[in-house]
Enquirer: 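Here you go, one structure.
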2 protein chains.
Amino acid sequence: MPAKVSDSTIRRLSHYLRILEAMARDGGGTVSSVQLAAAAGTTAAQVRKDLSLFGSFGKRGHGYQVAELADRVREILGLGRDWRVALVGAGRIGSALFEYADFRRRGFHIVAVLDVDPAKIGERWGTLAVEDVASLEAALEREGVEVLIVTVPATEAQAIVDRAVASGVRGILNFAPTQLRTEDGVFVHDVNMVMELEALSFDLTNRIPADVGDTAD
Amino acid sequence: MPAKVSDSTIRRLSHYLRILEAMARDGGGTVSSVQLAAAAGTTAAQVRKDLSLFGSFGKRGHGYQVAELADRVREILGLGRDWRVALVGAGRIGSALFEYADFRRRGFHIVAVLDVDPAKIGERWGTLAVEDVASLEAALEREGVEVLIVTVPATEAQAIVDRAVASGVRGILNFAPTQLRTEDGVFVHDVNMVMELEALSFDLTNRIPADVGDTAD
DNA sequence: AGGTGTGAACACTTTCACAGCA
DNA sequence: TGCTGTGAAAGTGTTCACACCT
């Protein structure tokens, strides 16, 4: 609800939540911003600023109630409900994601799996059958899908996404290494593993610590 | 080599590179910063600023030579060589990554696969055999591994990483949803798919476009 | 004219530092 | 006293606008 919330803040909230849930399992009680920051690898001021964008959840002199704060953060992130998800692309990555327990644990339920490959169509995945991507619209409508996970080749991703958006999907988790174009009000988040490896390659090549011989300017 | 290069710049360079390579396949020639920006979903000024951090690669009035610029960006990112990578965690995600052609195409070669599960140890993966993670150090040294991909459960990730760093690994691509602590000069990049879904959940819950009824402040 | 390279202006994010409540 | 919540300061990243080269 606040006017401006940065992406980094949201990422950190997600991180805080994971930590808070671990703390809750270990007994809970209270945390201070200092403790939470240490666990999340950030600063206490950052933790307080992030939280204060959404309300006053702590008690001065005492810190935050672990269980209660976890509830609040879940609520902020919109995790107080289940999300119906379709998976397009029944390849290796799609299959790994389908089995990924953390998605379900967080309320993201894969309710349809689709592919173009005739060899895959009809395969049983858990309680689902892989469907022909030709009937994407029908599947999305039938299952009331709101979020799409895209693990098809880059060349096919845009067409699939256009059809899904036309069918009412407003959230996309994109694993295809391509820049998706969508209308306003549709949210795309990219997971680009090659990009991360390339960033690592850059770091290893250029960000050598001072003591290894980076004296030249 | 420049003093300060932001992470966002590196991500964009990686993105530019993918676009430039596609353009090179389509015949090459020249690109202007306006064209490259349009393809990458950013601004022309941003493209020029990003590139100018590393040198002057364009010709005023003409733009950039596609093939040459691609070479330069590859060089900047440290992609002018091969990287020897070990994969720890031979589960679903590990297996998907092992098959992921884009890694190899970019020069990231998985030269060892390790797991704790006795049922998996000894399995043949391509030309490799899955090894016992107990002999991690031996495998890393034998293969001259520089980069580790971690797809083990969160609880085991830190111990593995500590051992790998002690064996000389300086780059880590971490799929475990946990905050890894490492010494200076070791670079960790996280791929956190649950976090991306949670960010999507936040967007869908809170960033509703104006016309759908977000008038309240 | 056309399009790069870049200092300067602007916008956004993080950190500081402290008032104020338990 | 202890720790939150938050304006103000500092720091970073992005956009602007134009000099300059071809």
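Naming: A, B, ... by sequence-line order, numbering from 1 per chain. Quick caveat, the model's predicted, so the values are computed rather than measured.
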Enquirer: Between the base of D:dG2 and the side chain of A:Arg60, is there a donor and acceptor pair under 3.5 angstrom?
Expert: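 Per atom types, no contact qualifies.
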Enquirer: Can you tell me if the side-chain N/O atoms of A:Thr43 get under 4.0 Å from OP1 or OP2 in C:dT15?
Expert: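 Looking at the OP1 and OP2 atoms of C:dT15, one of them is under 4.0 Å from a side-chain N or O of A:Thr43.
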Enquirer: In this structure, how many angstroms lie between the C1' atom of C:dT13 and the CG atom of A:Leu53, rounded?
Expert: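 Nearest whole value for this atom pair: 11 Å.
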Enquirer: Using atom CZ of A:Phe57 as one end and atom C1' of D:dT6 as the other, report the distance to the nearest whole Å.
Expert: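 The distance from CZ of A:Phe57 to C1' of D:dT6 comes to 15 Å, rounded to the nearest Å.
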Enquirer: In whole angstrom, give the distance that lies between atom CZ of A:Arg48 and atom P of C:dA17.
Expert: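 Distance check: A:Arg48 CZ to C:dA17 P gives 13 Å.
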Enquirer: Under 4.0 Å between a side-chain N/O of B:Ser56 and OP1 or OP2 of C:dG5, yes or no?
Expert: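 Result: yes.
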Enquirer: From CD1 of B:Ile10 over to P of D:dG13, roughly how many Å is that when rounded to an integer?
Expert: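 Distance, rounded to whole Å: 11 Å.
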Enquirer: Just the rounded figure in Å: distance from P of D:dG11 to CG of B:Asp7.
Expert: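 Computing the B:Asp7:CG to D:dG11:P distance gives 20 Å.
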Enquirer: Are A:Thr42 and A:Arg12 close enough that a side-chain donor and a side-chain acceptor fall under 3.5 Å?
Expert: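 Absent: no donor and acceptor within the cut-off.
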Enquirer: How do A:His62 and A:Asp50 order along DNA chain C: which one's closest nucleotide is nearer the 5' end?
Expert: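 So the residue in question is A:Asp50.
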Enquirer: Any N or O donor-acceptor pair linking the side chain of B:Lys49 to the base of C:dG7 at under 3.5 Å?
Expert: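 Pair found.
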Enquirer: Any side-chain heavy atom of B:Phe57 sitting closer than 4.5 Å to one from B:Ile76?
Expert: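 Yes. Closest side-chain heavy atoms under 4.5 Å.
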Enquirer: Can you find a side chain N or O atom of A:Arg12 that sits less than 4.0 Å from OP1 or OP2 on C:dT14?
Expert: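 It does, given that an N or O in the side chain of A:Arg12 lies less than 4.0 Å from OP1 or OP2 of C:dT14.
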Enquirer: Would A:Arg81 and A:Glu75 count as a salt bridge (charged side-chain N to carboxylate O under 4.0 Å, His left out) if you check the C-alpha gap in whole Å, the side-chain angles of each, and the deciding distance to 0.1 Å?
Expert: CA-CA 9 Å; A:Arg81 47 162 293 191; A:Glu75 196 182 324; over 6 Å; no
Enquirer: Distance check: side-chain N/O of A:Gln46 vs OP1/OP2 of C:dT13, anything under 4.0 Å?
Expert: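 No, A:Gln46 has no side-chain N/O under 4.0 Å of OP1/OP2 on C:dT13.
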Enquirer: For a 4.5 angstrom cut-off between non-hydrogen side-chain atoms, does A:Phe54 reach A:Leu13?
Expert: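 Yes. Closest side-chain heavy atoms under 4.5 Å.
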Enquirer: Can a donor-acceptor pair be found between the side chains of A:Asn192 and A:Glu196 at a distance below 3.5 Å?
Expert: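 Per modelled atom types, A:Asn192 and A:Glu196 side chains form no pair under 3.5 Å.
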Enquirer: Measure CG/B:Leu36 against C1'/C:dT4 and give the value in whole Å, please.
Expert: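 So the CG-C1' distance, B:Leu36 to C:dT4, works out to 13 Å.
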Enquirer: Remember a base hit wins even if backbone is also touched, and classify A:Thr9 as base, sugar-phosphate or nothing at under 4.0 Å, heavy atoms.
Expert: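 If one applies the 4.0 Å heavy-atom cut-off, A:Thr9 turns out to touch nothing in the nucleic acid.
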Enquirer: According to a strict under-4.0 Å criterion, is A:Tyr64 in side-chain N/O contact with OP1 or OP2 of C:dA22?
Expert: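 Indeed not, no polar side-chain atom of A:Tyr64 lies that close.
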Enquirer: Reckon B:Ser33 has a side-chain N or O less than 4.0 Å from the OP1 or OP2 of C:dG3?
Expert: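 So the side chain of B:Ser33 is outside the cut-off, no N or O lying under 4.0 Å from OP1 or OP2 of C:dG3.
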Enquirer: Between D:dT4 atom C1' and A:Glu68 atom CD, what is the distance in whole Å?
Expert: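 Computing the A:Glu68:CD to D:dT4:C1' distance gives 14 Å.
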